[in-house]
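All chains are named by letter (A, B, ...) in the order of the sequence lines, taking the proteins before the strands, and each is independently numbered beginning at 1.
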Number of protein chains: 2
Amino acid sequence: MRALIDLQKKLVPDLLQVMQKRYAILHSVKNLQPIGRRGLAENTKLTERFVRGEIDFLNEQGLIDITTKGMLITNEGILILEQLTQFMNEIMGLNVLEKQLRETLQIKDVIVVPGNSDEHDWVKQELGKACVAYLKRVVTDDSSIAVTGGTTMAAVASVMTPLERAANYLFVPARGGIGEKVENQANTIAAEMARKSNGEYRLLYVPDPISETSYQSIINEPSINEVLQLIKGASVVLHGIGDALTMASRRKTPESILTDLQKKKAVSEAFGYYFDQDGTVVHKVRTVGIQLEDLETIEYVITVAGGKSKGQAIASYFKQGKSDLLITDEAAAMEILRDYSL
Amino acid sequence: MRALIDLQKKLVPDLLQVMQKRYAILHSVKNLQPIGRRGLAENTKLTERFVRGEIDFLNEQGLIDITTKGMLITNEGILILEQLTQFMNEIMGLNVLEKQLRETLQIKDVIVVPGNSDEHDWVKQELGKACVAYLKRVVTDDSSIAVTGGTTMAAVASVMTPLERAANYLFVPARGGIGEKVENQANTIAAEMARKSNGEYRLLYVPDPISETSYQSIINEPSINEVLQLIKGASVVLHGIGDALTMASRRKTPESILTDLQKKKAVSEAFGYYFDQDGTVVHKVRTVGIQLEDLETIEYVITVAGGKSKGQAIASYFKQGKSDLLITDEAAAMEILRDYSL
DNA sequence: CCATGCGGGACTTTATTTGACCCATATGAA
DNA sequence: TTCATATGGGTCAAATAAAGTCCCGCATGG
């Protein structure tokens, strides 16, 4: 729906304005009914002639009845008005949220989709769709796209379609894998995205996390080094944000470190870095793949995360992390703004 | 999105035509590029002056480039065109499917939502939304709405909102309950729908299926009889369609009957009736609630079912069953049409 | 009965659209 | 290189639509 609105803004810029105008008139008729044309004109500060044109139209469409008593809204008019109210609230409200988040987080762009990923799976799908639409805009020939794992990234993969304006693009995982939930692994997700979008992919067969000793030896492996160069040279990085403790236990973090994360009040995790509420890195695991400092040289860093329960994790990441675009949902957006106002 | 387009059709029909016109021009430029204004005018059967106004607009919007060689579409123009093509195909394609289904199934109305419920949860949510929108149109004061169980009905309940144009409406379960998956039970769903829509509800505490002996005694219970009258007197019946064998095992059907259903090639189940591929009832269990013959006197029978895997079950039901409206998804629609062409 | 509000009719002025053609420049083929 | 043709920008007059305002018969309510 957001995509359709943006499309219409390009193609028929005044469409939304006309729609809003007719909504306002319909709304006034409902509130003031029965009301005559002149009363309505005076009330809405519009000219009589203009109001007349609009009410003639609305009458033809069956949304109002014109009587000698004055104009009345029809049942269908009420229904349309309700739907329109919902829709207007949605668009307007989301635009306000986006603006607030852009300013609060100091990032270039924010896309907010309606709903709460914690409650409805379709919201995650909408996050995914918004992300795919953005990729279609920024991915060019020979681009590399590094993607992390996670359920939100899996949702992006599930709605992926061909990026028609680019050729020869390549998906790579942003980090290695662990032994759990193969469908949420960066490797699996990269492969799925590539398959669905008719792109190429390379995989990274490295355990994550990895010990310092193994790290030093494994990054010298030619096959690993080759993929790693592609990963570090990606023009687009697509990542989610996890809840710190959830991610830590998912990644089989030792008990002592789990306790440490709790003590240090770790809130979020991304790329193997754990952030507290103020965005301070309180722990880092050794990973093969994208490091936090690599993001500075990435052309487009896209963060996709939603759900009310993720709000604070997202807020904590953004106090430190680099991102060009946040794609989130309404519930998380509210929570982020709440966090920043504390 | 369907809702938004329908809304716009009512409110700004003229501007939707402008949109389609600009789409057509953009499409022609892409196909014929590089093309001059006069060539385009001739090709589209529009006047030069008109084409000029439109191309000036499209140029200002950055969707085409105007060169001495002729006009070319920009990258952004291609993107907009693709997205718009997708939307147009979706809307147009769905309209075609709906028409085909209306004619094939011989029913008054069909609503097809995009996607496949088997693959994406959001498609079920869209089925639910379409259903709620329809209820808002047909439910009047003091209506009774009888609802069956099932995951699709649960999805309807999950997106239910107040039916603002009606007052004092009542949700009732169309049949009793079994001991499994409380959230998919007709009773639970009726209660949830009532809660979310600020309506009333009555529950039916009767096992389903029920033996003939118990049936005869239980329908004489005043409290049961009272609810049963409400159920049979409902003006709206909302029901799903199940896969026969899945439903039978879910309802703890004895092994001998399961074998019988398999032998008789039962395909679908609704209201305790099992239908084979030709729509013949091959088995019936005793239920307290709506019977198949009761549907003849119900004002609005709404069938909600989707998913490719359900296509044949839906097709089988419609060879016999009564329905005023089918709300389904694209994947099921194709499968139904396929079934009917065999 | 009378005052007031209603919607439909209508008029004049202003703005925009519309269709067609002109002209300088660019392009492509011979 | 030349020439024919197509290009886009400019322009004009006529047609149409928009815009604002007021008139008038009828309906409504006090």
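- One interatomic measurement links the two molecules: CG of A:L32 to C1' of C:dC6, which rounds to 15 Å at whole-angstrom precision.
- Other residues, nucleotides and ligands contribute more than 12 heavy atoms inside 6.0 Å of the OH atom of A:Y134.
- Atom CZ in B:R37 sits about 15 Å away from atom P in C:dT18, given to the nearest Å.
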Q. So A:E42 and A:R38, salt bridge (Lys or Arg N to Asp or Glu O under 4.0 Å) or not? Walk me through it.
A. CA-CA 6 Å; A:E42 190 169 307; A:R38 286 181 202 87; over 6 Å; no

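- Straight-line distance from the CD atom of B:E54 to the P atom of C:dT18: 9 Å, rounded to whole Å.
- Comparing A:R49 and A:M71, the nucleotide of DNA chain C nearest to each residue sits closer to the 5' end for A:M71.
- The CD1-P distance, from A:I66 to D:dA27, rounds to 16 Å in whole Å.
- In this structure, B:T68 does not reach the D:dG8 phosphate: none of its side-chain N or O atoms is under 4.0 Å from OP1 or OP2.
- Rounded to an integer number of Å, the gap from B:K69 NZ to D:dT5 C1' is 16 Å.
- Along DNA chain D, the nucleotide nearest B:E48 and the nucleotide nearest B:P34 are compared for position; the residue whose nucleotide lies closer to the 5' end is B:P34.
- Between the B:Q61 side chain and the A:K10 main chain, a donor and an acceptor come within less than 3.5 Å of each other.
- Going from atom CD of A:E42 over to atom P of D:dG20 covers 16 Å, rounded to whole Å.
- Of the candidates D:dT7, C:dG8, D:dG29, D:dT7 carries the atom nearest the B:R38 side chain, counting heavy atoms from C-beta on.
- Whole-Å rounding puts the B:I64 CD1 to D:dT7 P distance at 13 Å.
- In the model, A:D141 has no side-chain atom that pairs as donor or acceptor with a side-chain atom of A:N168 under 3.5 Å.
- Atom pair A:R52:CZ and D:dC22:C1' shows a separation of 11 Å (rounding to whole Å applied).
- The backbone N or O of B:G115 sits less than 3.5 Å from a side-chain atom of B:E330, completing a donor-acceptor pair.
- Nucleic acid contact for B:I35: sugar-phosphate only, since backbone atoms but no base atoms lie under 4.0 Å from a heavy atom of the residue.
- A sub-4.0 Å separation between OP1 or OP2 of D:dG20 and a side-chain N or O of A:T47 is present.
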